[in-house]
Amino acid sequence: MSKHPVVQWIDRRFPFTAFFKHELTEYKVPRNLSYWWNFGFLAGFVLVLQVVSGVFLAMHYKPDAQLAFASIEHIMRDVNYGWLLRYMHSTGASAFFVVIYIHMARTLYYGSFRAPRELMWWSGQVLLLTLMATAFMGYLLPWGQMSYWGAQVITNLFRATPFIGDQVVVWLRGDFVVGDATLNRFFVLHFFFPFLIFGIVGLHLVALHFVRSSNPSGINLKDEDNISLHPYFTFKDLFGLGIFLLIFCGFVFFYPDFFIEPDNNIPADPLKTPPHITPEWYFLPFYAILRAIPDMLGGVVAMTLSILVFAAMPYLDRSQIPGGSRYRPFYRAMFWAFVVDLSVLTYVGAQPATDEMALVGRIATIIYFSLFMVLPIISKREEAWLFVRGLPQEVMAMIAGEKESDRRKRSMDRRKTERRQGEE
Amino acid sequence: MKKIISLTGGLLISLTALASETPPLLDVELQHDTATLRQGADVVLNVCAGCHSLHYLKYRDLLEVGFTQAEVDGLRGQLEVTATIAAMSPPDMLKETYGVVPPDLSLIAKARKGGGRYVYTLFNSFYQRPDGTVDNHLFPNIRMPDVLGVASMTDPAQKKEFQESMRKVAAFLEWAADPNAAERRGMGVYVLIYLFIITLLFWLMKRRIWSDVH
Amino acid sequence: MSDDDKVQDPQRRDFLGKATAVVGGAGVAASCWPLISSMNPATDVLSKATTEVSLGAIAQGDAKTVSWQGKPVFIVHRTESQIRSMNNSPGGKDPQPDGERVLRPEWLVIVGVCTHLGCVPNRTAEGWTCPCHGSQYDLSGRILKGPAPRNLELPPYQFIADDKIIIGKA
């Protein structure tokens, strides 16, 4: 096929065609990926959607405590299609977390975080934290009652910092309470963080194209069972995108206030806390963990750990058996127990803080952390049990292969060190 | 593991039952046609706006609910068409009388769970206590007086007329909180139809591309 | 389906592929419209497109500057002698009879933006002089001297009462 002269001109100076070949038409993907593998692409799409709607919203928004709330109403009522931009952005925030949480659940369920994909898992973890920070700061911008008191409470968490807690809180806010200075810096950071997110997404993708996609079988497929990303998976992703957009636009056009708390339609009042404040749904489980612990520092530590603990998964799961839940009934049961436990925590986080709720929250918090803590033991025991009970041949072959290459690498290392010692 | 699942599952069910119940909102059907909105607007502007502002609504917005330019000009007097609708009484005086500045009404339907139904229910929830004082079931110790005298209303015809009028008020306040709702839903229908078609096309493409795999 | 019937083969684009491309492309294009449209003036800006001015307070020989769509508009209550001298003059390099530039001879309504590079001319006894490059206009807003190519622009306006005009609506 002859190339367009412009493409030829570029190709002599920049790997244009080569890039698309390498990353799209000749990039190989396991053919057996299920639709659960669509969510990475969807996350990228929602990121773009948020950035585009956000940039156009920023053209009309005013990060000023006196003007912010009114400028949102200006966008909603006066700006051409302003309501569409705003509802896309507010619904998009929730959609982002839905997609990311499903993406993470798939990774956990199929054990995709295991070697050699630890860096993907960790860059994903950093992305989650950055996304949470971005969402939290963005939520202050409408300057409604929920925005204001959410930011007040969450920034107050930093009072748990040893020795300099109070100063840290004031430094974060630039004021003694959440105020104009806070709003202004949150706006700037809310605009800036997506640049970081784009950068980390780049790393995430480079790592992905290096280690390749995991697949539901857990074992590495033969070459002929890997097919090119384009057109096979591009069109599978586009079909998934269509389904996603149908649901997303259903919310945007017909239930746009579903994700907006009624109290956030009341302008921020620093002198009056709404009777019942809750964070956005995507923070509820972590908020429940925070409240489950009566000690302030303890609560903050537990909440932070509850998010960071995911990073330890590649080490907590000590089983050699690949494929996550596929061949491992105990791991699968633990996964579902975790999902149920998260749902309980989400529910508790949304309820007013009563004694019963605190008790339920505490039990669910204990279960949350115990599931991670018992995983090393259970995964090892389960492995032994499954070896006795028997596993499919391919799985055993893969484990043997990994051991073999592991052994060879180790003996090579040993020989190297011996040689070095000999030279000395 | 199974035990944990059944335990947490059981807890979830019992928790749902524990959830506190607010008094249920009345089930009312609100129409948003121009005539209804116009009549609701008349009540809001003549009665409610005595104490409540409609800060995010501008005089010119009234053109959309059937006011003529001349009527709007009459309402605004010397004010610009882009001026927002303020309460007739000054906020300071209201605060002195009631202890609070009455809430702005332009977003009230969005700021309360249930929207227009909340507004409608609130008006129907005034009642007279045995000692003759008036209170509200939905909002105990509400500071707004029973302006229209619902609590002491006995004539069923009068009550019906009142409810009809409140329905229009609730509809107007829903419109005031979300004036683009009709445009949004209308556009949404076309968007969903389009998305349905393109999703179908993507699915057909995907199916054909994948027909040589397996 | 024959072997060569593949979408990745650009030589063999079929109906389904074309339809998907057209429908998808149309969707992307259409979804750009709200973004572009959002950058146009919002309705509250548009509703300021007209300005009402009462003329009662402007005495003969006096002028008033009002803001219309953010631009200065000069309103001059001209005297009999000013009207007469303007009627007798054909204008400068962009000749136009005074009668075509006013609705009522005693009221001159012009946009106070120099047609050269957009500065606001200063009032002088004989008309206006632009501070930027010295363009001179007469009391009909016609260019007499200087680099400006055209007479000062006339905004659309109408009398809604004897002492009230609305600018922005012809």
Side-chain angles (χ1 to χ4, degrees), chain B residues 54-65 67-70 72-85 106 175-176 178-214, chain C residues 1-38 40-54 56-57 66-70 158 160-161 163-169:
Chain B
L54 287 119
H55 194 64
Y56 299 103
L57 217 55
K58 296 168 183 117
Y59 282 103
R60 69 175 160 79
D61 294 331
L62 295 173
L63 293 172
E64 286 171 45
V65 288
F67 282 75
T68 63
Q69 183 69 51
V72 172
D73 287 345
L75 277 169
R76 73 188 167 103
Q78 289 302 306
L79 296 168
E80 296 270 328
V81 277
T82 48
T84 61
I85 301 173
S106 46
W175 173 83
D178 193 2
N180 294 309
E183 183 197 356
R184 191 182 70 230
R185 290 194 199 103
M187 200 170 145
V189 171
Y190 292 107
V191 170
L192 290 191
I193 290 172
Y194 168 80
L195 284 173
F196 182 78
I197 293 169
I198 191 77
T199 307
L200 188 72
L201 284 171
F202 282 147
W203 179 69
L204 290 171
M205 284 292 281
K206 187 251 164 192
R207 201 179 60 157
R208 204 189 54 191
I209 291 164
W210 280 71
S211 63
D212 62 350
V213 184
H214 299 304
Chain C
M1 218 175 271
S2 61
D3 272 347
D4 56 5
D5 187 25
K6 281 190 182 160
V7 203
Q8 61 263 55
D9 180 9
Q11 312 295 329
R12 177 83 179 73
R13 284 267 175 89
D14 53 328
F15 176 72
L16 180 60
K18 269 181 193 160
T20 310
V22 168
V23 176
V28 172
S31 47
C32 288
W33 172 244
L35 301 177
I36 296 166
S37 175
S38 75
N40 267 324
T43 52
D44 59 333
V45 175
L46 286 179
S47 66
K48 285 180 196 143
T50 59
T51 304
E52 284 176 29
V53 189
S54 8
V66 297
S67 168
W68 167 65
Q69 295 185 348
Q158 58 179 304
I160 47 177
D163 62 344
K164 204 169 191 183
I165 57 167
I166 181 163
I167 307 172
K169 211 151 114 192

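From a predicted model like this one, the values you see are computed outputs, not experimental measurements. Residue numbers start from 1 in every chain, and the chains themselves are labelled A, B, ... in the order their sequence lines are given, proteins ahead of strands. Hydrogens, waters and symmetry mates are skipped; everything else that's a heavy atom, side chains included, is used.
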For the [atom1] atom of [X] and the [atom2] atom of [Y], what is their distance to the nearest 0.5 Å?
{"X": "Lys206(B)", "Y": "Thr20(C)", "atom1": "NZ", "atom2": "OG1", "result": "14.5 Å"}
{"X": "Thr82(B)", "Y": "Leu46(C)", "atom1": "OG1", "atom2": "CG", "result": "12.0 Å"}
{"X": "Arg208(B)", "Y": "Leu16(C)", "atom1": "CZ", "atom2": "CG", "result": "5.0 Å"}

Using non-hydrogen atoms only, which part of Ser31(C) is less than 4.5 Å away from chain B: side chain, backbone, both, or neither? neither
For the candidates Ile198(B), Ile197(B), Leu195(B), which exhibits the highest count of non-hydrogen atom pairs separated by less than 4.5 Å from chain C? Ile198(B)
